[in-house]
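One structure is given here, and the rest of the page talks about it.
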2 protein chains.
Amino acid sequence: MSIADPWAPLPFSLRQLQYALAVAELRSFRGAAERCRVAQPSLSAQLAALEDALGLALFERTPRRVLPTGAAAELLERARRVLLEATDLLAAARNARDPLTGTLRLGVLPTIAPYWLPHAMRRLRAAFPRLRVVWVEEKTAVLADAVRTGSLDAAVVALEAPLGELEREALFRDAFVLAVPRRHRLARGRAPVRLDTLDGERVLLLDDGHCLREQVLAVCEAHGAHERGELRATSLPTLVQMVAQGDGVTLLPSLAIETEARRAPLVLRPLLDTEAARTVGLVWRPRSALGEALRRFARVLREAPPRGRRDPSRTAS
Amino acid sequence: MSIADPWAPLPFSLRQLQYALAVAELRSFRGAAERCRVAQPSLSAQLAALEDALGLALFERTPRRVLPTGAAAELLERARRVLLEATDLLAAARNARDPLTGTLRLGVLPTIAPYWLPHAMRRLRAAFPRLRVVWVEEKTAVLADAVRTGSLDAAVVALEAPLGELEREALFRDAFVLAVPRRHRLARGRAPVRLDTLDGERVLLLDDGHCLREQVLAVCEAHGAHERGELRATSLPTLVQMVAQGDGVTLLPSLAIETEARRAPLVLRPLLDTEAARTVGLVWRPRSALGEALRRFARVLREAPPRGRRDPSRTAS
DNA sequence: ATCGGCGATAGACATCGTCTATCAGAATAG
DNA sequence: CTATTCTGATAGACGATGTCTATCGCCGAT
């Protein structure tokens, strides 16, 4: 159904697509005009021109409300792809001009950020002094989506989570460590334990949406330990407090224990099971302009992993 | 490295990307200008503007020769993607407006076209009277590439060939039939034979690049029959003539036998081995605007497969 | 030495995207 | 029930920009 000369000028412009997407998102011409920093009549006119070029209406203008028409959904999705490729082209040009400079927008999990970011920032500043990094803290699903739509350049997540079609580079492995209250039956001894010994224990976990929750849950369920459903922590510090108060046991990522376990009366014991761990890695969009740069980036981050405690089997003060 | 406001206007236009691609392909400003139907100075100016927007030179202008710079290769590839998405958007709009009308550019293998196209065209004309179909005859590799780059809407090929990441819909299975000269030892009898009986036979095949060659070769090698290397036919009619003259044996797709075997003194015998066959199918680009339409298309083509001869075990006149 | 092809430049012109000012319609408030 | 105040569409002016024709300067081929 495409008979047209591929070299003929396209009847619409990238700017028009931006306008359409802005309207679709804000459901308002004025708002979209403001965001695109043009006068509202300009946007109206361009949108009319776009609809004319496509031969169909994209938005139903009822006074007080703007609604995308039925056909609009697919077309807007395609418009998004066009603009994503276009901004990628621009980014690739910038990258070819002066690689690894400018601002990089990185996402990171809340169960990684506080414990690893300072370390990572130090390493990156040393390796890429001209690079400015902006960090965003979000759960896996949000990060993966932001990376896919191009609003983030890359993200640091656990590679075990479902990430879809993203490029990935492992950074380091982060073993889980058993955390129990001081007077717990497993608090005696500091030798590594097997997950089997958790059989029957009440396991406390993070709230829904945290991928760490799913990973720990999977490991525990496989060994007969079940979640205590009523209590879900919204953050690792909270989780640690709950364990310390004797509400149950949990598995903590090694990354966190130095910071967290210091603050609460916990007993930590390493696990014999090597599968009780997550792989922290860097992910980015497959055809991102920064693919090569991000690989170098990952190499720098990987070559000096965070020094974990050599012997986490100790009672924290 | 993307700090820019995503709603800021993009510093280049789709037209400029077309110009750049035209120059890259023709390696000539004048030629590109002619193809794009603009004056050469206009193209020069736009290209200069594009290079300015990207902050780097795309082409090295030596008198007498235009060469893409080092950075240009990746950027031009990205430009191609932008334009492909853009033309897809346009096609999707047209498709949303009036589905299955206009001109469809279809590719088809030379070992399928002559025997199946008339039948397929009849069916399609009946089912989609407003649709005009343009057929292009090429080998698999060329077709797959044309589909990938968007210069064809879809192609009819053997799904056994390596096609990469294309959407596919099977149409019908096309069994191979043994073809031997009249006085050949296998010319006696009309019962189905096993491929084993080809052991030691000299098999004639099509020329390189025909996927039918690879498929038949694979089947034969697996059963001890080897190619007679000096003779390679450039088309099925030639191949049939060669077999008829006693140069060897071959496997012919059922599709072809009605037309081809009628013209030459051959003996045809069906094969017992069901894997001696190819699957003819329709393939198209994953995010093509025509995905849904092409599936309907395939359904129409499939519901009335070409009537093969019920009994191909006969001596052609 | 000259010619013919190349891309770059200059300047005129028209198109088009933008602006400000304003209109028409419809919800809401008094 | 009317005044207000949102909404998006329209009108007209202005400026930027993409286009054109004409021409230049360059280099290789004749």
Side-chain angles (χ1 to χ4, degrees), chain A residues 5 7-54 56-69 72 76 79 82-83 86 90, chain B residues 5 7-54 56-69 72 76 79 82-83 86 90:
Chain A
D5 172 9
W7 301 104
L10 288 160
F12 56 86
S13 67
L14 294 170
R15 194 82 180 123
Q16 288 167 352
L17 300 186
Q18 289 182 308
Y19 290 166
L21 288 181
V23 169
E25 185 172 317
L26 299 175
R27 293 190 178 322
S28 150
F29 278 50
R30 292 197 115 85
E34 187 179 350
R35 177 175 286 192
C36 296
R37 299 167 160 278
V38 286
Q40 168 262 321
S42 302
L43 186 139
S44 272
Q46 288 305 305
L47 216 44
L50 175 60
E51 292 182 318
D52 188 57
L54 298 183
L56 43 79
L58 286 173
F59 299 102
E60 193 181 323
R61 283 88 146 169
T62 84
R64 220 74 187 169
R65 193 177 334 287
V66 172
L67 284 178
T69 57
L76 289 170
V82 174
L83 288 175
L90 203 55
Chain B
D5 173 10
W7 301 104
L10 288 160
F12 57 86
S13 68
L14 294 169
R15 192 82 180 125
Q16 288 168 351
L17 300 185
Q18 289 183 308
Y19 289 166
L21 288 181
V23 169
E25 185 171 319
L26 300 175
R27 294 182 182 289
S28 149
F29 279 49
R30 293 198 113 84
E34 187 180 349
R35 176 174 287 191
C36 296
R37 300 167 162 281
V38 286
Q40 168 261 321
S42 303
L43 185 139
S44 273
Q46 289 305 305
L47 217 44
L50 175 60
E51 292 181 319
D52 188 56
L54 298 183
L56 44 79
L58 287 173
F59 299 102
E60 193 181 324
R61 283 87 148 171
T62 85
R64 221 72 188 171
R65 191 175 338 284
V66 173
L67 284 178
T69 58
L76 290 169
V82 174
L83 289 174
L90 203 57

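First the proteins, then the strands, lettered A, B, ... as listed; each starts at 1.
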Ignoring hydrogens and angles, write down the donor-acceptor pairs under 3.5 Å from the side chains of residues 8-22 of chain A, residues two or more places apart or on other chains.
from	atom 1	to	atom 2	distance (Å)
A/S13	OG	A/Q16	N	3.1
A/R15	NE	A/Y19	OH	3.2
A/R15	NH1	A/Q18	OE1	2.8
A/R15	NH1	B/W7	O	3.2
A/R15	NH2	A/C36	O	2.9
A/Q16	OE1	A/S13	N	3.0
A/Q16	NE2	A/Q46	OE1	2.9
A/Q18	NE2	B/P6	O	3.3
A/Q18	NE2	B/A8	O	2.8

Return the value, rounded to whole Å, for the distance between atom CG of A/L67 and atom C1' of D/dG8. 14 Å
Is any NZ, NE, NH1 or NH2 atom of the basic residue among B/R27 and B/E60 found under 4.0 Å from an Asp or Glu carboxylate oxygen of the other? no
Note down the inter-axis angle between the two ends of the helix from C/dA1-D/dT30 to C/dG30-D/dC1, five pairs each, to the nearest 10°. 10°
What is the distance from CG of B/L50 to P of D/dT17, rounded to the nearest Å? 15 Å
Show your working on side chain to side chain contact (heavy atoms under 4.5 Å, CB included) between A/L56 and A/T69 and close with a plain yes or no. CA-CA 9 Å; A/L56 43 79; A/T69 57; 5.6 Å; no
Across all chains, not counting sequence neighbours, the salt bridge (charged side-chain N to carboxylate O under 4.0 Å, His left out) partners of B/R35 are B/E25
The side-chain hydrogen bond (donor to acceptor under 3.5 Å, both in side chains) partners of A/S44 (sequence neighbours excluded) come to A/Q40
Does the side chain to side chain contact (heavy atoms under 4.5 Å, CB included) test come out yes or no for B/V23 and B/L43, once each step is laid out? CA-CA 9 Å; B/V23 169; B/L43 185 139; 3.8 Å; yes
Atom pairs, N/O to N/O, protein against nucleotides 17-22 of chain C, distance under 3.5 Å?
from	atom 1	to	atom 2	distance (Å)
C/dG17	OP2	A/Q46	NE2	3.4
C/dG17	O5'	A/Q46	NE2	3.2
C/dT18	OP1	A/Y19	OH	3.1
C/dC19	OP2	A/A39	N	2.5
C/dC19	OP2	A/S42	OG	2.9

Please determine if a side-chain N or O atom of B/R61 lies less than 4.0 Å away from the OP1 or OP2 oxygen of C/dA8. yes
Spacing between B/L47 atom CG and D/dG18 atom P, to the nearest angstrom: 13 Å
Excluding sequence neighbours, so at least two apart, what forms side-chain contact (heavy atoms from CB on, under 4.5 Å) with B/A48? none
Could you state the atom-to-atom distance from CD of B/E34 to P of C/dC6 in whole Å? 10 Å
Specify the separation, in whole Å, of atom CG of A/L26 and atom P of D/dG8. 11 Å
Would you kindly give the CD-to-P distance between A/E60 and D/dT7, to the nearest whole Å? 18 Å
Does the side chain of B/F59 reach to within under 4.5 Å of the side chain of B/L67, using non-hydrogen atoms? no
